[in-house]
*Asks:* 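Handing you this structure, nothing more for now.
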Amino acid sequence: MSDSGIVHVIGAGLAGLAAAVRLTEAGRRVALYEQAPQAGGRCRSFHDPALGRSIDNGNHMVLSGNRTLLDYARKTGGADALKELRPAAFPFLDLRDGRTWTLRPGGLWLFDPGRRVPGSRPLDYLAALRCLTAGRHHSVADRLPTSGPLFEPLWRPLAVSALNGPVERISARLFGAVLRETLLRGEAACRPVLAPRGLSDAFVDPALACLRTAGAALHLGARVDGLTVEHDRITSFSAGGSAVSLSPADSMILATPAWVAERLLPGLTVPPPGPAIVNLHIQLDGPAGLPGGLPFVGLVGGMAEWLFLRDDLLSVTISDADALANLPAEEIAGRLWAEIAPHLRPAPRLGATIPPFRVVKERRATPDQSSDSVARRPETRTRWSNLMLAGDWTETGLPATLEAAVRSGNRAAQATLSNGNNPIRRSRVFPAFTSFRHRPIWTDGGAVLARPGPEGQSKKRG
Ligand SMILES: Cc1cc2nc3c(=O)[nH]c(=O)nc-3n(C[C@H](O)[C@H](O)[C@H](O)COP(=O)(O)OP(=O)(O)OC[C@H]3O[C@@H](n4cnc5c(N)ncnc54)[C@H](O)[C@@H]3O)c2cc1C
């Protein structure tokens, strides 16, 4: 192993995991600290005792155009737990009148009425290009014709679910980035990629296994606090109540959510928290089908926005859902069930009570993604020479998504590696600045301080 020090990665969401994996690949010693008893952060599965099965904290829509995320899954072995739907297709259902259509992007799709939104013309789609040239302060509603035939059936649902906020607020530039990385790159970049066995099986557990094999020290249930800064370096912190000192060769990647990073490093500029995302998981009596015949369907004209089906587990997702999240779980479930039940195949008996369910309210599901908030995203490198930032809230040019999280983690790892090779940056690290007052908790090779509890981490229920 090299003498280039330990990289302390704080936070085991996808940003922290991706950074840790990249660093161990490069032969660096890594210690990963996660405050929750399980890794994954905002992308995780957990056992739900009421339903008697594993569920995800929320449905995650991944597309084949999320190249960095899928590379990470391939590299860690998680890709075996993913299923790509080919050819790309997005079924939609209008909850008001039961009308269905399927968007089938790719090739000359715009010239085939059967592959477009009913009533739309090819020219209507070109309006989306205005998001690619949007100014820094434009919202999605500023750039797209809100009265056009595509706004309600297509642009609004896509933008609200990709950026978790109202169209009058969320950044048109970020929505432009989604279009650039998916729809504009053709069918091969638009295929939905699902995780039929759950998010952790695909994106979390394989990465942890790779890190253990590589000898990384995994500290789950170890909340990091009390960063000490001396001159331009982080010199110590506390993890799970124990003090950790950084040697001159050590560095840190802070991959917590933005609001935690701001608390740990007063003066850091970060975007404020954004709205909640609410998920309702329903355990059906048996296998069912969705309109459109695929394992998911987009919904317009109601409260529910996306419906996913995994065998007999039906899940409903609503983004930008602060108001909904304030209601009791029973009320949320009752309202959503009344909307969707008539459209299931086979349809439940009229007036049938809702089957067993679980509501998961993820408050602050993403950072706020208005233009003003996006301008507050920090870069990977900081003014502290041995500290890099990672997370979906850092400057990636993308909405706060899994793709952004993994890209940010890779960038932070890369910046850390090039720091080690850069004599100018290294020469700024003086041993005299380093405090060895604290008892280190470094444990060699894959030590796990605490194992996940039976119910997973702080799931937020109504
Ligand atoms: C319900 C829901 C639905 C979503 N849907 C989609 C989707 O369809 N598609 C998509 O691409 N993205 C989606 N997202 C967004 C995606 O989940 C996030 O962008 C991504 O998971 C963020 O990863 P991260 O590593 O940046 O942050 P996090 O996952 O938040 O990871 C940060 C980690 O730091 C830990 N931590 C916090 N404080 C400390 C501390 N003091 N010490 C140690 N550890 C600490 C946290 O516990 C957490 O594990 C969704 C998010 C939610 C909540």
Side-chain angles (χ1 to χ4, degrees), residues 8-20 32-44 55-63 65-66 68-70 158 160-164 178 181-182 192-195 199 203-204 207 219-227 237-240 252-265 273-281 296 305-306 308 315-321 325 359-367 369 389-394 396 398-409 412 456-460:
H8 301 273
V9 179
I10 318 301
L14 259 61
L17 288 171
L32 179 62
Y33 306 83
E34 165 57 50
Q35 75 168 11
Q38 75 171 107
R42 281 171 277 153
C43 165
R44 66 188 188 281
I55 58 175
D56 291 337
N57 67 318
N59 299 305
H60 278 59
M61 176 61 90
V62 170
L63 297 181
N66 297 151
T68 321
L69 172 68
L70 296 176
L158 289 190
V160 170
S161 56
L163 279 96
N164 187 31
V178 175
E181 302 235 340
T182 55
V193 179
L194 304 177
L199 293 170
F203 297 121
V204 182
H219 302 290
L220 300 179
R223 178 188 161 100
V224 166
D225 244 316
L227 266 58
F237 61 93
S238 115
M252 175 183 277
I253 293 177
L254 192 55
T256 63
W259 44 96
V260 178
E262 189 181 33
R263 182 170 51 73
L264 292 173
L265 285 168
I277 298 180
V278 169
N279 274 265
L280 165 68
H281 302 279
F296 74 96
E305 291 172 353
W306 292 93
F308 287 78
S315 303
V316 190
T317 300
I318 303 100
S319 301
D320 185 21
V359 173
V360 184
K361 302 172 179 177
E362 285 276 23
R363 298 191 192 268
R364 307 192 291 194
T366 59
Q369 304 193 67
L389 302 176
D392 62 355
W393 49 279
T394 57
T396 57
L398 297 176
T401 53
L402 298 178
E403 174 72 9
V406 171
R407 258 189 225 188
S408 74
Q457 78 180 87
S458 60
K459 55 181 191 285
K460 296 157 186 111

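Since we're looking at a predicted model, the values are computed, not measured. Remember, it's 1-based here, ligands and their atoms both numbered in the order they're listed. Numbers here are sequence positions counted from 1.
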*Asks:* Does Gln369 use its side chain to pair, donor to acceptor, with the backbone of Ala400 at less than 3.5 Å?
*Replies:* yes
*Asks:* Would Thr366 count as a polar contact of ligand 1, with the cut-off being nitrogen or oxygen pairs under 3.5 Å?
*Replies:* no
*Asks:* Could you check, using the six-membered ring where one of them is a Trp, whether His60 and Phe203 have ring centers closer than 6.0 angstrom?
*Replies:* no
*Asks:* Can an N or O of Glu34 be found at a distance shorter than 3.5 Å from an N or O of ligand 1?
*Replies:* yes
*Asks:* Are any of the side-chain heavy atoms of Cys43 and Leu402 separated by less than 4.5 Å?
*Replies:* yes
*Asks:* Is Arg42 close to Asp392 at the side-chain level, that is, under 4.5 Å between some pair of heavy atoms?
*Replies:* yes
*Asks:* Relative to the heavy atoms of Asn59, which atoms of ligand 1 are at a distance of less than 4.0 Å?
*Replies:* 3 (C), 5 (N), 8 (O)
*Asks:* Within the 4.0 Å heavy-atom shell around Val224, which atoms of ligand 1 are there?
*Replies:* 40 (C), 41 (N), 42 (N), 43 (C)
*Asks:* Decide whether an N or O pair under 3.5 Å exists between Pro257 and ligand 1.
*Replies:* no
*Asks:* Would you say Asn66 and Val193 make side-chain contact, with heavy atoms under 4.5 Å?
*Replies:* no
*Asks:* Where the closest heavy atom to atom 31 (O) of ligand 1 is concerned, which of Gly13, Ser161, Ala261, Ala321 has it?
*Replies:* Gly13
*Asks:* Taking the side chain as every heavy atom from C-beta outward, state whether Ile10 and Phe237 have any atom pair closer than 4.5 Å.
*Replies:* yes
*Asks:* At a 4.0 Å cut-off, with the gap strictly under it, does some heavy atom of Gly409 reach an atom of ligand 1?
*Replies:* no
*Asks:* Less than 3.5 Å between some nitrogen or oxygen of Arg263 and one of ligand 1, yes or no?
*Replies:* no
*Asks:* Could you list the atoms of ligand 1 found under 4.0 angstrom from a heavy atom of Gly41?
*Replies:* 29 (O), 48 (C), 49 (O)
*Asks:* What I'd like to find out is whether the side chain of Val224 reaches to under 4.5 Å of the side chain of His8, using heavy atoms alone.
*Replies:* no
*Asks:* Within ligand 1, which atoms have a heavy atom of Asn279 less than 4.0 Å away?
*Replies:* 1 (C)
*Asks:* Show the atoms of ligand 1 that are less than 4.0 angstrom away from any heavy atom in Gly40.
*Replies:* 29 (O)
*Asks:* Please work out, at 4.0 Å between heavy atoms, whether the side chain, the backbone, both, or neither of Val260 comes within that distance of ligand 1.
*Replies:* side chain
*Asks:* Considering Gly391, Ala222, Gly11 one by one, which has a heavy atom nearer to atom 34 (O) of ligand 1 than any of the others?
*Replies:* Gly11
*Asks:* Going by atom types only, do Asn57 and Asn279 share a side-chain donor-acceptor pair under 3.5 Å?
*Replies:* no
*Asks:* Taking only heavy atoms of Ala15 into account, list the atoms of ligand 1 that are under 4.0 Å away from them.
*Replies:* 25 (O), 26 (O)
*Asks:* Counting both backbone and side chain atoms, is some N or O of Glu403 under 3.5 Å from an N or O of ligand 1?
*Replies:* no
*Asks:* Could an N or O of ligand 1 be found under 3.5 Å from any N or O of Leu402, whether backbone or side chain?
*Replies:* yes
*Asks:* Begin with the C-alpha distance, continue with both residues' side-chain angles, and end with the deciding distance and a verdict on salt bridge (Lys or Arg N to Asp or Glu O under 4.0 Å) for Arg44 and Glu34.
*Replies:* CA-CA 13 Å; Arg44 66 188 188 281; Glu34 165 57 50; over 6 Å; no
*Asks:* Does any non-hydrogen side-chain atom of Val204 lie less than 4.5 Å from one of Leu14?
*Replies:* yes
*Asks:* From the options His60, Met61, Arg223, select the one whose nearest heavy atom is closest to atom 51 (C) of ligand 1.
*Replies:* His60
*Asks:* Of all the atoms in ligand 1, which lie at a distance below 4.0 Å from a heavy atom belonging to Ala400?
*Replies:* 15 (C), 19 (O)
*Asks:* Does Ser319 reach the main-chain N or O of Asn164 with its side chain, forming a donor-acceptor pair under 3.5 Å?
*Replies:* no
